[in-house]
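Model, not experiment: these values are computed from the prediction.
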Amino acid sequence: MSEFKKVVYNEKFRVLLNREQIESRIKELGREITREYEDKNPIMVGVLNGAFIFMADLIRYTELDMEIDFIKISSYGNSKKSTGKVRILKDMDAEIKGRHVLVVEDIVDTGLSIKYLMDRLGARQPASLKFVSLLFKPESVIEKVHIDHIGFEIPSSFVVGYGLDHQQILRNLPAIYVMDEQTKRKKTTYHDR
Ligand code: 5GP
């Protein structure tokens with residue numbers, strides 16, 4: 001059975017945020033961002049890979065003349081823990097000097113990625129540089145950063161779905177899932193025997 005089906009049918013993970021909750025919050029974020037960037041012709045910069053689904057939905061709930069671009073950074077590799085080292089894997093194409101830039105992230109965990117982007121993109125002298133993240137784990141923050149728009153604050157567990165991966169799969173899950181604590185405990189007991 002595929003990992004996708006195991007998550008959906010075998011209750012390996014539980015739903016943390018369902019499709020309806022995600023959609024209605026993104027509608028609100030779209031309205032906030034529309035008000036903030038009216039007549040500013042912003043560039044929205046999606047942070048690959050995780051933000052691609054969130055960004056696709058978010059821009060459809062904004063009523064703005066805007067451009068989009070993408071930047072790809074890495075800090076996690078295939079592990080569940082941050083390595084603490086951020087680097088650019090694919091830079092954005094647009095020139096941002098003097099432009100209003102809104103960076104679109106899937107999740108802020110330690111804050112190291114956002115801090116890195118703040119420094120790197122800030123050095124290119126945009127007219128403004130702001131951040132929106134669908135998810136934020138306040139208990140995991142190492143680097144205190146200001147996130148201008150947050151979709152949901154969540155506990156510090158590892159989540160998958162709606163763009164977020166586990167070893168590059170499960171991005172296509174339509175909701176956001178977290179590994180069930182009970183499932184984790186059951187597994188540990190089994191292995192201990
Ligand atoms: P930070 O630099 O804030 O520690 O982490 C940001 C990046 O780590 C996110 O863009 C995402 O790629 C990854 N990340 C952090 N927490 C999670 C999580 O719970 N699930 C998944 N799939 N990725 C995460």
Assess whether a salt bridge exists between Asp106 and Arg171, defined as any Lys/Arg side-chain N lying under 4.0 Å from an Asp/Glu carboxylate O. no
With sequence neighbours left out, what residues match [X] under side-chain contact (heavy atoms from CB on, under 4.5 Å)?
{"X": "Val160", "result": "Phe13, Phe158, His166, Leu170, Leu173, Tyr177"}
{"X": "Met118", "result": "Ile114, Phe131, Val145"}
{"X": "Glu28", "result": "Arg25, Arg31"}
{"X": "Asp57", "result": "Ile26, Ile53, Arg60, Tyr162"}

Judged by atom type as modelled, is there a donor-acceptor pair below 3.5 Å linking the side chain of [X] to the main-chain atoms of [Y]?
{"X": "Thr62", "Y": "Leu64", "answer": "no"}
{"X": "Lys72", "Y": "Asn49", "answer": "no"}
{"X": "Arg99", "Y": "Asn41", "answer": "yes"}
{"X": "Gln21", "Y": "Asn18", "answer": "yes"}

According to salt bridge (charged side-chain N to carboxylate O under 4.0 Å, His left out), who are the partners of [X], at least two apart in sequence or on a separate chain?
{"X": "Asp69", "result": "none"}
{"X": "Glu63", "result": "none"}
{"X": "Lys115", "result": "Asp119"}
{"X": "Asp39", "result": "none"}

Hits for side-chain hydrogen bond (donor to acceptor under 3.5 Å, both in side chains) against Asp65, two or more places apart or cross-chain, chain-then-number order -> none
request  = Report the residues that fulfil side-chain hydrogen bond (donor to acceptor under 3.5 Å, both in side chains) with His149, sequence neighbours left out, ordered by chain and then residue number.
outcome  =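 In terms of side-chain hydrogen bond (donor to acceptor under 3.5 Å, both in side chains), with neighbours along the sequence ignored, His149 is linked to Glu32, Glu36.
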- How close do Val178 and Ser157 get, heavy atom to heavy atom, and via which atoms?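 Scanning both residues, the minimum pair turns out to be CG2-CB, 3.3 Å.
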ask   = Restricting to pairs with a member in residues 140-157, which pass salt bridge (charged side-chain N to carboxylate O under 4.0 Å, His left out), not counting sequence neighbours?
value =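 Checked against salt bridge (charged side-chain N to carboxylate O under 4.0 Å, His left out) - neighbours excluded - no pair reaches residues 140-157.
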Keeping to residues at least two apart or across chains, list the salt bridge (charged side-chain N to carboxylate O under 4.0 Å, His left out) pairs with something in residues 44-56.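 Output for this query is empty, none listed.
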To the nearest 0.5 Å, what is the distance between [atom1] ([X]) and [atom2] ([Y])?
{"X": "Met1", "Y": "Lys6", "atom1": "CE", "atom2": "NZ", "result": "8.0 Å"}
{"X": "Ile107", "Y": "Ile150", "atom1": "CD1", "atom2": "CD1", "result": "11.5 Å"}
{"X": "Ile71", "Y": "Ile88", "atom1": "CD1", "atom2": "CD1", "result": "4.0 Å"}

*Does the pair Met44 and Ile33 meet the rule for a side-chain contact (heavy atoms from CB on, under 4.5 Å), with working shown?*
CA-CA 11 Å; Met44 288 213 200; Ile33 288 165; 3.9 Å; yes
